[in-house]
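Keep in mind that this is a model prediction, so the values were computed, not measured. Positions are given from 1, in the same order as the sequence printed here.
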Amino acid sequence: MGGLRDPFRPHVVLSPNDMYAVQVTRSGYRAVPLSPAQNRFFLLPRWVTPGKGGFMINYRTYQPVAQDAGHYREILLRGGSKLPGRGDKWECRFNPYRPERVWLHDHTAGTWVTCDFRLRHLLTDPWTADMWQEHAEQHRAAGGSEQDEEAIALALAQRDRRRRSRRPPPKRTGDEPPFQGLHLETEQPSQDPYAGLEEFDLSTLRPRPALPISPMAPPPGPAPAALPAGAGPGGEQEGGQDPHPLAALFVLTEAAGGEPDASTTGTPAEEHEVVEAELLEDLSSGMDSDDCDEDVIDVWEVRMPDGMGP
């Protein structure tokens with residue numbers, strides 16, 4: 001823990017997960033499929049004592065399959081596992097959502113021994129360790145023993161038969177399947193989605209071509225910088241200083257010899273006077289006419305601003 005340091009930030013203390021995240025950000029990530037033997041280490045561990053008739057997990061007896069019977073006998077001949085603090089017990093891994101099969105780990109050879117539940121043939125429907133525990137408690141409440149695995153297995157099997165035989169209610173979509181946990185491939189190797197792909201050569205990577213630019217878009221180039229404080233319209237500095245290097249971008253059109261822009265210079269005062277005279281003539285001619293509607297005149301009078309008579 002204390003030795004994990006980011007070489008670019010040595011003062012920051014990182015946890016193993018933080019350091020892993022830093023390296024993934026720098027180098028990228030590619031999912032690598034794990035083998036069935038590697039996936040079994042993600043299952044729940046149990047330390048068991050193998051015997052001639054098998055071993056027990058939660059009062060369920062597990063025995064090796066036919067192809068691993070010889071390997072299981074070798075484990076029995078060795079006696080205990082000789083692991084520190086474990087004595088005669090060996091490591092076993094099992095999935096609580098699929099407890100019909102477990103795997104006994106032989107650490108001396110780095111291999112696994114596959115073992116099945118002794119009464120697996122009675123339980124044809126999916127079952128879990130919680131369902132087994134539920135029926136074990138019911139059997140104990142009825143006066144039985146939790147170690148009576150035959151009675152518990154039969155009770156669990158009859159429950160599944162009753163569930164299949166009863167008539168479903170109308171408009172029934174079916175029971176929600178029990179949660180089976182994260183699926184780990186512990187029997188067959190997983191398929192690598194990246195298998196067969198060649199290594200990518202980064203030197204062949206080329207930038208994406210530029211997209212066409214709209215003719216209405218502004219011309220490319222850096223944005224003009226603001227004039228410094230005290231600069232005049234032509235860019236010369238007040239007080240006799242040298243003009244700003246970008247002063248030519250802000251020269252007025254009159255100085256450049258072009259026509260003034262109406263959007264920047266504003267509308268001349270003469271144009272405003274002509275427009276106001278025309279409006280007044282139209283208004284006065286409408287008021288002198290005999291065909292003028294009094295209602296319209298009243299509206300004009302109401303909507304005229306204060307201080308502006310007809």
Side-chain angles (χ1 to χ4, degrees), residues 34-78 81 88-107 109 111-166 174-190:
L34 300 178
S35 63
Q38 293 172 332
N39 281 328
R40 292 166 188 168
F41 282 108
F42 291 100
L43 303 179
L44 293 182
R46 286 292 186 275
W47 292 91
V48 299
T49 303
K52 293 183 179 180
F55 55 90
M56 300 190 70
I57 296 179
N58 295 337
Y59 302 112
R60 296 187 303 269
T61 304
Y62 290 89
Q63 297 176 343
V65 296
Q67 58 267 26
D68 291 347
H71 193 177
Y72 184 80
R73 285 193 294 268
E74 294 179 3
I75 293 178
L76 294 178
L77 294 176
R78 294 174 192 160
S81 61
D88 296 339
K89 295 185 177 181
W90 294 72
E91 181 183 4
C92 181
R93 298 279 176 165
F94 80 104
N95 187 348
Y97 300 104
R98 299 176 182 86
E100 65 272 4
R101 171 164 289 186
V102 299
W103 291 271
L104 189 66
H105 185 231
D106 184 4
H107 61 278
T111 56
W112 298 86
V113 177
T114 304
C115 302
D116 285 346
F117 178 42
R118 183 174 66 90
L119 303 176
R120 181 179 180 178
H121 60 281
L122 298 178
L123 303 173
T124 57
D125 293 328
W127 58 286
T128 65
D130 292 338
M131 296 170 60
W132 178 273
Q133 184 64 27
E134 177 185 353
H135 283 75
E137 294 176 357
Q138 294 177 1
H139 184 67
R140 183 184 60 182
S145 174
E146 291 185 353
Q147 302 182 13
D148 190 359
E149 55 184 347
E150 289 86 356
I152 299 174
L154 290 175
L156 186 57
Q158 291 176 2
R159 170 189 175 180
D160 295 331
R161 294 192 190 100
R162 290 193 301 267
R163 179 179 56 84
R164 292 194 306 266
S165 60
R166 69 173 180 262
D175 294 335
E176 183 180 357
F179 177 70
Q180 297 296 322
L182 179 63
H183 177 69
L184 294 175
E185 193 59 65
T186 55
E187 299 291 341
Q188 300 295 330
S190 303

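- H105 has its side chain out of reach of V113: every pair of non-hydrogen atoms, C-beta onward, lies at least 4.5 Å apart.
- Contact record, A153 with L119: CB-CD1, 4.0 Å, taken as the closest heavy-atom pair.
- Partners of R73 according to the salt bridge (charged side-chain N to carboxylate O under 4.0 Å, His left out) rule, which considers only residues two or more places apart in sequence or in another chain, do not exist here.
- E91 and S81 share no side-chain donor-acceptor pair at under 3.5 Å.
- The shortest heavy-atom contact between P99 and A129 is CG-N, 3.8 Å.
- For the pairing with R101, the side chain to side chain donor-acceptor pair (under 3.5 Å) check across T186, T114, D116 returns one residue only, D116.
- Without hydrogens or angle criteria, Q158 side chain to A155 main chain gives no donor-acceptor distance under 3.5 Å.
- The shortest heavy-atom contact between F55 and C115 is CE2-SG, 3.7 Å.
- L122 and A157 get closest at one heavy-atom pair: O-CB, 3.5 Å.
- Within the 4.5 Å cutoff, no side-chain heavy atoms of Q133 are placed close to those of M131.
- Considering CD of E134 and CD1 of I152, their distance stands at 12.0 Å, rounded to 0.5 Å.
- Between Y72 and L104 the shortest side-chain heavy-atom distance falls below 4.5 Å.
- Counting only heavy atoms from C-beta outward, the side chains of W90 and T49 never approach each other to under 4.5 Å.
- The line from CG of D130 to NE2 of H135 is 12.5 Å long, rounded to the nearest 0.5 Å.
- In this pair, W127 and F117 present their aromatic rings tilted. The plane angle is within the 30 to 60° band.
- Between the N95 side chain and the Y97 main chain, a donor and an acceptor come within less than 3.5 Å of each other.
- Considering only heavy atoms from C-beta on, K89 stays 4.5 Å or farther from V48 through its side chain.
- For the atom pair CD1 of I75 and NE2 of H107, the computed distance is 9.5 Å after rounding to the nearest 0.5 Å.
- Around the CZ atom of F41, the shell of radius 6.0 Å holds more than 12 heavy atoms that belong to other residues, nucleotides or ligands.
- By the salt bridge (charged side-chain N to carboxylate O under 4.0 Å, His left out) test, D68 is found to be paired with no residue, residues two or more places apart in sequence or in another chain being considered.
- Within the 4.5 Å cutoff, the side chain of Y62 has heavy atoms near those of the I57 side chain.
- At a threshold of 4.5 Å between non-hydrogen side-chain atoms, the residues M56 and R46 do not count as touching.
- Considering only heavy atoms from C-beta on, W112 stays 4.5 Å or farther from H71 through its side chain.
- The two residues G54 and Q63 make their nearest non-hydrogen contact at CA-CG, 4.4 Å.
- The main-chain N or O of Y59 is never found under 3.5 Å from a side-chain atom of E146 such that the two would form a donor-acceptor pair.
- Of all non-hydrogen atoms in L43 and R93, the two that sit nearest each other are O-NH1, 2.7 Å.
- In this structure, L156 CG and H139 NE2 are separated by 13.0 Å, a value rounded to the nearest 0.5 Å.
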